[in-house]
Amino acid sequence: MDYDFRSIERKWQSYWAEKQVFKAVEDSSRPKFYVLDMFPYPSGAGLHVGHPLGYIASDIYSRYKRLKGFNVLHPMGYDSFGLPAEQYAIQTGQHPEITTQKNIARYREQLDRIGFSYDWSREVRTCDPAFYKWTQWAFLKMFDSWFDPSLHKARPISELIARIEKDGYEDITPEKWAGATEKEKSDMLMNYRIAYQGETAVNWCPELGTVLANDEVKDGLSVRGGFPVEQKKMTQWQLRVSAYAGRLLDSLESLDWTDSLKEMQRNWIGKSEGTEVVFQCGEPAFPVTIFTTRVDTIYGVTFMVLAPESELVDKLTTPQHRAEVDEYLQYVKKKTERERIAETRAVTGVFTGSYGTNPVTGEKVPIWISEYVLAGYGTGAIMAVPAHDSRDYAFARKFNLPVVPIIEGCDVSEQSFDAKEGRMCNSGFLNGMDVKKAIEAAKDYVEEKGLGRRKTNYRLRDAIFSRQRYWGEPFPIYYKDGIPTPVPFDKLPVELPEISEFKPTSAGEPPLARAKDWTYEGYPLETSTMPGFAGSSAYYLRYMDPKNPDALVSPEADGYWRNVDLYIGGTEHATGHLIYSRFWNKFLFDLGYVCEDEPFRKLINQGMIQGRSNFVYRIVGTNTFVSFGLKDQYKTTEIHVDVNIVRGDRLDLEAFKAWRPEFADAEFVLENGEYVCGWAVEKMSKSMFNVVNPDDICEQYGADTLRLYEMFLGPLEQSKPWDTKGIDGVHRFLKKFWRMFEGLNDAQPTKDELKALHNLIGKEQDDIENFSFNTTVSAFMIAVNELSALGCNKKAILEPMVVLLSPFAPHIAEELWHVLGHEGTVSDAKFPEYDASLTVESNCTYAVSFNGKTRFTVDLPVDMKGPEVESHVRALEQTDKYVGGQNIVKVIVVPGKIVNIVVK
RNA sequence: GCCCUGAUGGCGGAAUUGGUAGACGCGCUGGACUCAAAAUCCAGUGUCCCUUAAAGACGUGCCGGUUCGACCCCGGCUUGGGGCACCA
């Protein structure tokens with residue numbers, strides 16, 4: 001009987017689907033385990049062989065956990081709102097809904113062929129109104145909340161109102177509040193809401209006609225599409241993510257994520273502890289607060305700088321300098337973000353004509369304006385210490401401002417001295433102190449004298465939440481007499497309206513402005529939509545209770561599944577989705593809707609699978625192609641050739657002629673009768689003709705082979721090129737395993753057979769827990785080689801082997817499970833018990849050497865590990881028989897060979 | 001510029017974390033089976049010296065150090081990948 005993987009896989013895939021084998025049901029008698037994949041955006045191109053890598057890994061882990069007795073939740077869905085579908089709609093007029101549904105169907109088909117153990121009854125789609133109802137709900141909850149800085153958590157806005165009415169809050173007195181109009185009250189509260197509307201400089205992408213979040217922009221270009229992005233001041237919905245910066249940073253500690261990913265988040269959040277200091281500025285003088293992390297350098301201040309966008313610019317510009325300043329502001333305004341990056345570190349600026357007073361020295365320093373100071377960070381104003389800050393230094397040199405060093409012996413003739421080391425000088429009460437001490441002493445001094453206070457700043461900005469687009473969640477907000485007002489919860493969802501065209505209106509309004517009757521109770525609804533990350537921020541919660549019409553997730557379901565135990569996905573979401581989701585979850589946690597503060601306990605980033613491209617070499621001016629080894633004898637051009645007509649770097653000549661009409665009459669210069677192609681590792685993409693479709697692999701080798709091979713390719717977290725060449729090895733292994741079931745018998749296993757099996761059990765358990773799937777596959781091959789060399793076809797050995805294989809190659813495992821005479825499914829089996837004593841021989845004689853010379857022999861159990869052997873030999877030492885009273889420092893064992901004893 | 005991260009045969013990669021470097025797979029070479037091919041099986045396969053073997057020497061990007069012992073730890077480079085980049 002041959003290994004007919006096609007019919008086996010078809011059979012078991014439909015069995016799993018019909019019997020709903022992987023349906024997860026809350027069950028408090030069993031421990032839960034939640035394994036999640038980052039759900040895909042269903043693009044038109046379909047899946048290539050690189051996409052399922054993480055899905056296969058998470059599936060193996062899920063199936064393994066099931067064998068270990070866990071109640072596993074392993075769902076899948078689609079992140080189905082987004083720009084590509086809408087861009088496609090604008091070009092073709094095809095409704096995004098239609099293309100999205102089509103792409104989802106195609107994705108599902110491809111996923112199903114690989115044999116995943118998803119509970120499809122829990123599928124979610126972010127573009128489904130029943131799903132985005134809860135995205136809108138969360139937004140309204142944020143609108144209806146404020147961040148209480150004394151509690152460090154979100155509270156209902158009603159509590160803030162009560163507090164204002166009673167005692168006032170910040171600059172809102174009870175009298176001011178009582179006398180305000182509805183509109184004025186709404187404006188005041190906007191400054192505190194977690195979801196709020198505010199005017200800020202935003203990333204505006206004219207080509208896409210929308211604003212973008214910081215993580216959606218790279219090098220001044222949009223991540224989607226690569227279009228230029230410029231800074232523009234606009235009123236937009238925003239989420240007060242920055243309020244959570246401290247908590248997002250602190251609880252990073254508790255997460256089981258890779259260091260590099262945590263580091264990326266730390267950098268993105270960008271905590272810096274410093275001091276705010278007040279300088280009296282202008283004429284007549286008024287206070288200006290600056291932020292610095294180096295108050296200790298305050299004696300070295302020789303000028304101040306304002307951001308061009310700062311409100312202080314206008315106040316501090318003297319009439320004599322007005323024209324010059326205006327000209328500079330115009331110049332800055334015209335520049336796009338991209339130009340700013342292109343002219344890196346071009347030093348520009350202008351003098352305001354005003355002076356500020358150093359509160360410590362009483363000295364007057366000039367106030368300048370420069371684009372190197374950012375309006376959005378700190379206070380938009382700085383004190384400049386050119387001797388000890390490289391940016392201030394460059395500015396001082398350009399505009400001939402004085403440079404005053406305040407650290408003993410530092411040389412500032414060529415560059416600034418930025419290091420926080422040395423001894424202070426020229427600094428009054430700080431003189432003689434070590435810099436690190438001086439930083440603290442200066443902070444204390446400033447606070448004591450009432451000149452300023454300690455302050456922690458974060459780089460993390462609030463998230464811009466509006467997109468001037470169609471294919472996203474509509475805001476449940478309408479404008480009643482110009483006041484943003486929430487649509488009541490029981491009227492959610494606010495469904496996306498049908499529109500005729502998906503472009504912005506000619507007046508530049510978002511596409512929703514085209515919708516007929518886009519109103520609520522006669523008032524206009526918000527016309528922008530939510531960004532892509534809105535729908536993906538809480539989807540993992542919805543999987544816990546996907547059909548619930550009354551809550552995002554019921555307290556029962558949430559209390560059982562709690563949070564994601566294992567999350568697998570790409571590193572590209574490090575500063576986007578993974579920050580927003582954590583923020584979103586913390587917000588819901590504050591309000592008591594979820595029971596865990598963090599959404600993803602452990603996170604693994606799978607590496608990318610790159611493409612391996614092949615090339616042919618056409619002799620210039622001909623239609624003759626020369627083989628790789630001979631190409632240097634001719635003048636050739638390198639042409640990408642479809643990797644699917646190349647096998648082992650040998651070109652299929654007939655397939656090549658049929659590939660493109662222009663190659664139909666191609667001629668070849670061969671070496672040893674073959675055409676050898678060149679190759680290179682590149683990104684997997686259509687244009688490189690190196691895309692390998694998982695469907696083709698499933699057709700040719702089967703899903704089990706694909707799964708094993710993707711894991712065998714290398715460590716999960718590492719990027720590696722796909723090379724179909726090696727796949728025969730794992731396919732051969734499966735065939736070999738299959739053949740072992742011919743002549744199955746009930747004989748008692750021998751010791752060697754048991755050893756091979758238990759070695760594998762131990763190895764697989766360790767490896768899977770460490771996500772080292774590639775070495776597990778190797779271990780399997782070793783075990784099967786050993787067992788087949790022993791001629792083993794005994795049930796007692798093969799039955800546990802089938803269970804061990806089932807997470808990796810589930811289809812063949814199910815089939816063999818039935819060959820062994822079982823009913824039901826192998827996923828109901830138990831993971832075999834590991835008996836360590838079986839994997840080793842009882843005793844072994846070692847030569848004991850000291851400094852390379854054999855001293856004596858000793859009998860030791862071979863499974864003794866280093867420390868055990870050490871204590872064993874130490875015990876021998878007590879008898880004074882072996883080492884002659886010398887002190888043993890360390891004992892090293894190499895099985896079957898030498899024990900090296902280090903003595904003192 | 002700063003922060004992560006990697007570098008091991010012809011190739012993908014192992015190495016119990018300081019203890020036999022190169023597991024496993026691919027490829028290659030030779031052999032068995034076959035009229036032949038495919039499939040399958042067996043043997044060999046880091047480099048150098050050598051007709052071969054034994055034996056030996058060398059060998060984990062480079063230079064140096066610690067150690068009885070280093071792919072692993074320390075210092076200094078070279079280089080691939082990723083992230084951040086006027087954040088005061």
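Small disclaimer: the values here were computed from a predicted structure and weren't measured. Residue numbering restarts at 1 for every chain, and letters A, B, ... go by the order of the sequence lines.
Using atom C1' as the reference point in both B:U52 and B:C42, the two lie 22 Å apart (nearest Å). Separating the C1' atom of B:C72 from that of B:A21 is a span of 12 Å, rounded to the nearest Å. The separation of B:A23 from B:A14, taken at their P atoms, amounts to 13 Å, rounded to a whole angstrom.
Among the protein residues, A:N785 comes within range of the sugar-phosphate backbone only, with heavy atoms under 4.0 Å from sugar or phosphate atoms but none that close to a base. If you check every strand for non-hydrogen atoms under 4.0 Å, A:P715 touches sugar and phosphate atoms only. Residue-level contact check: A:V305 touches neither bases nor backbone, having no heavy atom under 4.0 Å from any strand.
Under the salt bridge (charged side-chain N to carboxylate O under 4.0 Å, His left out) criterion, A:D256 pairs with A:K602, sequence neighbours left out. Residues passing the side-chain contact (heavy atoms from CB on, under 4.5 Å) test with A:M608 are A:S719, sequence neighbours excluded. Residues satisfying the side-chain contact (heavy atoms from CB on, under 4.5 Å) criterion with A:E769, sequence neighbours excluded, are A:Y61, A:Y64, A:K65. Applying the side-chain contact (heavy atoms from CB on, under 4.5 Å) criterion to A:Q700, with sequence neighbours excluded, gives A:R647.
In this structure, A:L716 places its CG atom 19 Å from P of B:G12, rounding to the nearest Å. For the pair A:M264 CE and B:C4 P, the computed distance is 12 Å after rounding to whole Å. Across the protein-nucleic acid pair, A:K443 atom NZ and B:A88 atom P stand 12 Å apart, rounded to whole Å. With rounding to whole Å, A:I727 atom CD1 is found 12 Å from B:G27 atom P.
Because its NZ or CZ atom is not both nearer than 6.0 Å to the ring centre of A:W257 and within 45° of the ring axis, A:R266 does not count as a cation-pi partner of that residue.
Here B:C26 is the nucleotide among B:C84, B:C26, B:A88 with the atom lying nearest to any side-chain atom of A:K725. Checking B:A88, B:G27, B:C84 against every side-chain atom of A:T575, the shortest atom distance belongs to B:C84.
In this structure, A:R739 and A:E263 both approach RNA chain B, and ranking their closest nucleotides by distance from the 5' end singles out A:E263.
Taking 4.0 angstrom as the limit, A:R294 places none of its side-chain polar atoms (N or O) nearer than this to OP1 or OP2 of B:A88.
Among residues at least two apart or in separate chains, salt bridge (charged side-chain N to carboxylate O under 4.0 Å, His left out) pairs with a member in residues 455-464 of chain A are A:E276-A:K455.
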(request) Starting at the 5' end of RNA chain B, write a dot or bracket for each base, bracketing those in Watson-Crick or G-U wobble pairs whose two distances are under 3.5 Å and using | for partners on another strand. (result) (((((((..(((......[....)))((((((.......))))))(((.......)))..(((((..]....))))))))))))....
